[in-house]
A.B. asks: 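Attaching a single structure in structure tokens format; questions to follow.
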Amino acid sequence: MKIALDAMGGDFAPQAAVDGAVLAAQLLAGKAQIVLIGQENAVRPLLEAHGAAAENLTLVPASQIIEMGEHPAKAYQQKQDSSIAVGYRLLATGEVEAFCSAGNTGAMLVGAMFSVKAVPGVMRPAIANFVPKLHGGMGIMLDVGANAECKPEMLEQFGELGSLYAHYVLGIAQPKVGLMNLGEEEGKGTAITQAAHQLLKVNPHIHFIGNIEGRDLFNDKADVVVCDGFTGNVLLKMAESVYDIMAEKNMHDPFFDHFNYESIGGSPILGINDNAIIGHGVSTPTAICNMLLQGYQMASSGIADQIKSTFKS
């Protein structure tokens, strides 16, 4: 198995990317190979500095970089030898089983739609994120940023996508799906969430438990939290700030350590024909390593094939 990494993506690239890739290669030795994509004159010396530790890493040259501030669609189309474009080409041709990047989020989404494309039947792919549960384990929340505004049918599909991921990757036998709302009652919320509730309620592919509130995010009510990308992103960034505040006050707790973006490494794009993960722009080597491990986990689980077969039927 080969897992690709955009070596030029992120605020601390390529150093953090190479360091994280070396860590992941050691942990995945005998299971998967890490393929770095980036400018050879920038990446090669960093690999050589790691010596024997970097022997399981390969480098695919890409001469261009899509910067964080560039227009995603325009940059992706104009920079076909960028590390993101080359990474998606490797993914689309089956040369790698997963592609990870801490680079331009918009370009990662555009690349997914242009290259590996959305699964037929999926209206809009979603970015998912993981939610630690107070009594152990993890849940999943989607969307957290790809689709700021959603139709009810999109929210229904997020419930299906999240349920498949929770089952096949997180190992939850019958994932409970909850719709994030401003009240538990069926009639609460906007016209969109009310309509989404009715669709989720009769969907035979999921175990829908109804509306949940913000206070339910970390309890056991729902394993899959469905929301639009605007709401999900606000919740995600607020959770990250809790970790930062506790660290600033020198307070540490194993549960709140899960709020640290480094512990997960990245957010998978669900609803596309392959495995792609978007990392945080400020990703450290630890975050990069965990993102690559997550890519391996996704590829091993066959989640992309499960999504394709579900929506085909």
Side-chain angles (χ1 to χ4, degrees), residues 121-243 245 253 255-256 258-259 264 267-271 306-307 310-311 313:
V122 172
M123 295 174 69
R124 288 294 298 271
I127 302 176
N129 207 76
F130 303 95
V131 181
K133 294 298 180 177
L134 197 54
H135 299 111
M138 282 279 177
I140 188 168
M141 175 170 65
L142 67 169
D143 184 26
V144 296
N147 308 282
E149 295 181 81
C150 294
K151 296 177 180 177
E153 294 80 6
M154 290 165 63
L155 294 173
E156 180 193 14
Q157 288 194 345
F158 295 168
E160 289 192 60
L161 291 169
S163 196
L164 287 166
Y165 192 98
H167 180 67
Y168 287 103
V169 184
L170 300 181
I172 301 170
Q174 189 181 40
K176 295 171 290 188
V177 179
L179 176 65
M180 183 56 67
N181 212 325
L182 45 75
E184 293 180 348
E185 297 83 1
E186 190 170 321
K188 286 287 182 75
T190 64
I192 289 170
T193 54
Q194 287 179 37
H197 189 288
Q198 297 307 311
L199 293 172
L200 288 161
K201 188 169 72 168
V202 297
N203 188 314
H205 303 296
I206 61 171
H207 176 44
F208 182 56
I209 53 93
N211 291 336
I212 60 170
E213 299 175 310
R215 73 177 101 190
D216 299 317
L217 191 59
F218 305 112
N219 64 28
D220 294 328
K221 276 194 178 177
D223 303 299
V224 179
V225 177
V226 173
C227 55
D228 60 59
F230 185 96
T231 305
N233 196 270
V234 170
L235 287 168
L236 172 63
K237 298 294 171 59
M238 189 206 70
E240 287 180 357
S241 78
V242 170
Y243 174 81
I245 291 166
D253 179 271
F255 173 75
F256 288 105
H258 291 300
F259 286 39
I264 297 296
S267 298
I269 307 173
L270 298 184
Q306 296 294 342
I307 290 172
T310 297
F311 279 86
S313 59

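Keep in mind that this is a model prediction, so the values were computed, not measured.
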A.B. asks: With a 4.5 Å heavy-atom cut-off, do F130 and L170 have their side chains touching?
C.D. replies: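 They are in side-chain contact.
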A.B. asks: Please collect all salt bridge (charged side-chain N to carboxylate O under 4.0 Å, His left out) contacts where either partner lies in residues 147-157, sequence neighbours excluded, each pair once.
C.D. replies: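 Qualifying pairs: none.
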A.B. asks: Could you give the distance from OG1 (T193) to CG (L155), rounded to the nearest 0.5 Å?
C.D. replies: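 Rounded to the nearest 0.5 Å, the OG1-CG separation comes out at 8.0 Å.
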A.B. asks: Would you say D223's side chain and G139's backbone share a donor-acceptor pair under 3.5 angstrom?
C.D. replies: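 Looks like no, no N/O pair under 3.5 Å.
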A.B. asks: Give me the atom names and distance for the closest heavy-atom approach of F259 to A239.
C.D. replies: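 Minimum heavy-atom contact is CD2-O, 3.0 Å.
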A.B. asks: Just wondering, more than 12 heavy atoms not from F218 lying within 6.0 Å of its CZ?
C.D. replies: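 Atom CZ in F218 is crowded, with more than 12 foreign heavy atoms closer than 6.0 Å.
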A.B. asks: State plainly whether the residues K221 and E184 are in salt-bridge range, i.e. N to O under 4.0 Å.
C.D. replies: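 Yes.
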A.B. asks: Say you draw a straight line from CD of Q198 to CG of L179; how long is it, rounded to the nearest 0.5 Å?
C.D. replies: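 Q198 CD to L179 CG: 10.5 Å, rounded to 0.5 Å.
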A.B. asks: Please find the pair of heavy atoms, one from M141 and one from L236, that lie closest to each other, and give the distance.
C.D. replies: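 It is CE-N, 4.2 Å.
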A.B. asks: Does any non-hydrogen side-chain atom of L217 lie less than 4.5 Å from one of M180?
C.D. replies: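 The answer is yes, as the side chains (C-beta and beyond) meet within the 4.5 Å cut-off.
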A.B. asks: How close do P175 and V224 get, counting heavy atoms only, and between which atoms?
C.D. replies: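 Here P175 and V224 meet closest at CB-CG2, 4.1 Å.
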A.B. asks: With side chains defined as the heavy atoms from C-beta onward, is the minimum distance between K201 and E186 less than 4.5 Å?
C.D. replies: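 Side-chain contact under 4.5 Å: yes.
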A.B. asks: What pair of heavy atoms forms the shortest contact from T310 to E160, and how long is it?
C.D. replies: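 Here T310 and E160 meet closest at CG2-OE1, 4.1 Å.
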A.B. asks: Counting C-beta onward and ignoring hydrogens, is there a side-chain heavy-atom pair between F311 and Q157 closer than 4.5 Å?
C.D. replies: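 Yes. Closest side-chain heavy atoms under 4.5 Å.
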A.B. asks: Give the minimum heavy-atom separation between P125 and G271, together with the two atoms involved.
C.D. replies: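 Answer, listing the atom of P125 first, then G271: CG-O, 4.0 Å.
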A.B. asks: Which residues pass the side chain to side chain contact (heavy atoms under 4.5 Å, CB included) test with A146, not counting sequence neighbours?
C.D. replies: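 Residues passing side chain to side chain contact (heavy atoms under 4.5 Å, CB included) with A146: L109, I127, D143.
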A.B. asks: Can you tell me how far apart CG (L270) and CG (L164) are? Round to the nearest 0.5 Å.
C.D. replies: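 Rounded to the nearest 0.5 Å, the CG-CG separation comes out at 9.0 Å.
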A.B. asks: Please answer whether the main-chain N or O of G229 pairs with a side-chain N or O of N147 as donor and acceptor at a distance below 3.5 Å.
C.D. replies: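 No, N147 side chain to G229 backbone: no donor-acceptor pair under 3.5 Å.
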A.B. asks: Atom CG of L142 and atom SG of C227: how far apart are they, to the nearest 0.5 Å?
C.D. replies: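 Answer for the CG-SG pair, L142 versus C227, is 7.0 Å.
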A.B. asks: Does the pair F208 and N203 meet the rule for a side chain to side chain contact (heavy atoms under 4.5 Å, CB included), with working shown?
C.D. replies: CA-CA 8 Å; F208 182 56; N203 188 314; over 6 Å; no
A.B. asks: Would you give the length of the straight line joining atom CG of N181 to atom CG of N211, rounded to the nearest 0.5 angstrom?
C.D. replies: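 So the CG of N181 and the CG of N211 are separated by 4.0 Å.
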A.B. asks: Quick one: closest heavy-atom pair of N129 and S267, and the distance?
C.D. replies: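 Looking at all heavy atoms of both residues, the closest pair is OD1-OG, 2.7 Å.
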A.B. asks: First locate atom CG of D216, then atom CD1 of I209, and finally report the distance between them rounded to the nearest 0.5 Å.
C.D. replies: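 One finds 7.5 Å between CG of D216 and CD1 of I209.
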A.B. asks: Does the K133 side chain pair with the main chain of M138, one donor and one acceptor, at a distance under 3.5 Å?
C.D. replies: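 Flag not set: sc K133 to bb M138 has no pair under 3.5 Å.
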